[in-house]
Amino acid sequence: MTFNAQAAAGPLALAAQAVGVDGGADALADFLRALQPEAGVPHRLRDIGVARDALAAIAEKALRERGIYYNPRPVSGSDDVLALLEAAY
């Protein structure tokens, strides 16, 4: 969500408003992070057994998925995806 915050500021602000959060995308991201433990959703990729040395291969595979073309913020290459995966690790 943070990656797309600027590219999707309007829709994310509406989503924040819909759940009663003031502050746009950043506040919405904080709100959702706070819900994760309550919902039993793991916080990090390592928490679900993803190995750090697999991240580069996952990033490359993600580039071949059609969903990446619909991302609000353009993804310039595997480095963008790898940075997201590293942050989530």
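Worth saying up front: this structure is predicted, and the values here are computed from it rather than measured. Count residues from 1 along the sequence.
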Nearest heavy-atom neighbours spanning L82 and A56: CD1-N, 3.9 Å
Distance, nearest 0.5 Å, that separates CG of L45 from CD1 of I58: 7.0 Å
Spacing of L55 atom CG and L84 atom CG [to the nearest 0.5 Å]: 11.0 Å
Atom CD of Q6: over 12 foreign heavy atoms under 6.0 Å: no
Hydrophobic cluster membership, F3 vs L12, 4.5 Å side-chain cutoff: no
Transitive ILVMFWY side-chain link V50 to V41, under 4.5 Å: no
R46 side-chain N/O to Y89 backbone N/O, donor-acceptor pair under 3.5 Å: yes
D22 backbone acceptor or donor facing Q17 side chain under 3.5 Å: no
Joint cluster assignment, I48 & L35, ILVMFWY side-chain distance < 4.5 Å: no
Separation of R52 CZ from E86 CD (nearest 0.5 Å): 4.5 Å
L32 with L14, same ILVMFWY side-chain cluster at under 4.5 Å: no
Partners passing side chain to side chain donor-acceptor pair (under 3.5 Å) against D79 (at least two apart in sequence or in another chain): none
Value rounded to 0.5 Å, distance of CG in L63 from CD1 in I68: 5.0 Å
Distance in Å, S78 OG paired with K61 NZ, rounded so as to fall on 0.5 Å steps: 14.5 Å
R44 with D47: basic N within carboxylate O range, under 4.0 Å: no
Verify same cluster id: M1, V81 (apolar side-chain graph, 4.5 Å): no
Approximate separation, where rounding is to 0.5 Å, of N71 CG and D80 CG: 9.5 Å
Shortest non-hydrogen separation from A59 to L85 and the atoms involved: N-CD1, 3.7 Å
Shortest non-hydrogen contact between P72 and A7, atoms and distance: O-CB, 3.5 Å
